[in-house]
Amino acid sequence: QVRLVESGGGLVQAGGSLRLSCEASGSLFSFKDMGWYRQAPGKQRELVAGLVATTPVTSIRNYADSVKGRFTISRDNAKNTVYLQMNNLKPEDTAVYYCNVGGARSGSWGPGTQVTVSS
């Protein structure tokens with residue numbers, strides 16, 4: 001079990017950028033799967049970006065088609081932190097963003113951080 005806290009959300013104009021951070025209370029070396037999810041009003045929660053550690057120092061990253069080329073997921077094991085760099089934000093990116101480690105079905109979740117993109 002690990003505790004997660006997201007930060008970095010806020011209000012930004014379309015075309016702007018935000019960097020979300022997810023700090024874990026435990027070491028990220030213990031987790032293979034890490035990801036960022038989001039849930040917009042009236043919509044289901046969706047995976048935005050996922051990171052799967054294939055070795056202790058290498059990972060495979062995947063992104064939702066809607067954010068591919070604009071968002072980047074990364075990790076810093078020394079800081080026990082997962083990041084989501086969001087560039088060229090669009091109004092449809094507006095949602096509560098959640099950090100997950102250990103998989104969506106059996107892992108841990110953060111409380112979420114609000115991202116609002118204005119037109």
Side-chain angles (χ1 to χ4, degrees):
Q1 188 175 0
V2 62
R3 293 183 178 182
L4 307 174
V5 179
E6 302 97 338
S7 63
L11 175 64
V12 64
Q13 293 184 354
S17 299
L18 286 174
R19 187 194 191 195
L20 304 183
S21 298
C22 173
E23 185 174 356
S25 62
S27 175
L28 293 179
F29 286 112
S30 300
F31 299 94
K32 178 181 179 181
D33 300 301
M34 311 168 192
W36 285 94
Y37 294 73
R38 69 185 181 188
Q39 186 167 16
K43 297 183 178 180
Q44 296 183 351
R45 183 181 61 187
E46 64 175 344
L47 175 66
V48 176
L51 185 152
V52 180
T54 54
T55 75
V57 295
T58 59
S59 303
I60 295 176
R61 296 168 174 81
N62 63 284
Y63 302 91
D65 289 340
S66 60
V67 307
K68 191 174 298 182
R70 300 188 297 117
F71 291 11
T72 303
I73 185 172
S74 62
R75 63 176 178 176
D76 187 335
N77 288 329
K79 297 182 178 180
N80 293 321
T81 302
V82 181
Y83 302 97
L84 183 67
Q85 178 66 45
M86 305 185 295
N87 298 325
N88 191 24
L89 284 162
K90 303 176 180 180
E92 50 263 42
D93 294 320
T94 296
V96 177
Y97 284 71
Y98 299 91
C99 178
N100 170 272
V101 298
R105 302 185 186 278
S106 60
S108 299
W109 296 89
T113 184
Q114 176 70 48
V115 172
T116 302
V117 184
S118 62
S119 300

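Quantities reported herein were computed from a predicted structural model and do not represent experimental measurements.
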State, with a plain yes or no, whether a side-chain heavy atom of [X] is found less than 4.5 Å away from one of [Y].
X	Y	result
Q114	Y97	no
D93	R70	yes
L89	L18	yes

When rounded to the nearest 0.5 angstrom, what distance separates [atom1] in [X] from [atom2] in [Y]?
X	Y	atom1	atom2	answer
N100	L51	CG	CG	12.0 Å
I60	K32	CD1	NZ	8.5 Å
E23	Y83	CD	OH	8.5 Å
R61	S74	CZ	OG	6.5 Å
S25	N80	OG	CG	8.5 Å
E6	L20	CD	CG	8.5 Å

Result for side chain to side chain contact (heavy atoms under 4.5 Å, CB included) between V82 and one of D76, L4, I73 points to I73
Could you work out, with salt bridge (Lys or Arg N to Asp or Glu O under 4.0 Å) as the rule, every residue matching E46, not counting sequence neighbours? R38
Donor-acceptor pair, distance only, cut-off 3.5 Å: does the side chain of S108 make one with the backbone of V2? yes
Give a yes or no on whether the backbone of V117 and the side-chain of T94 come within a donor-acceptor separation of less than 3.5 Å.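 A pair under 3.5 Å: yes.
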Which heavy-atom pair separates [X] from [Y] by the least distance, and what is that distance?
X	Y	value
C22	W36	CB-CZ2, 3.6 Å
V115	G9	CG2-CA, 4.1 Å
G102	S106	O-OG, 3.7 Å
S119	P91	OG-CG, 3.6 Å

Please determine whether a side-chain nitrogen of the Lys or Arg among D65 and K68 lies less than 4.0 Å from a carboxylate oxygen of the Asp or Glu.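 Salt bridge between D65 and K68, a charged N being under 4.0 Å from a carboxylate O: yes.
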Cluster companions of L47 among Ile, Leu, Val, Met, Phe, Trp, Tyr (side-chain spacing under 4.5 Å):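 For the cluster that includes L47, the remaining residues are Y37, V96, Y98, W109.
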Is there a donor-acceptor contact under 3.5 Å linking the side chains of R75 and T81? no
Testing the 3.5 Å rule here: is there a donor-acceptor pair between the side chains of S17 and N87?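 Short answer, yes.
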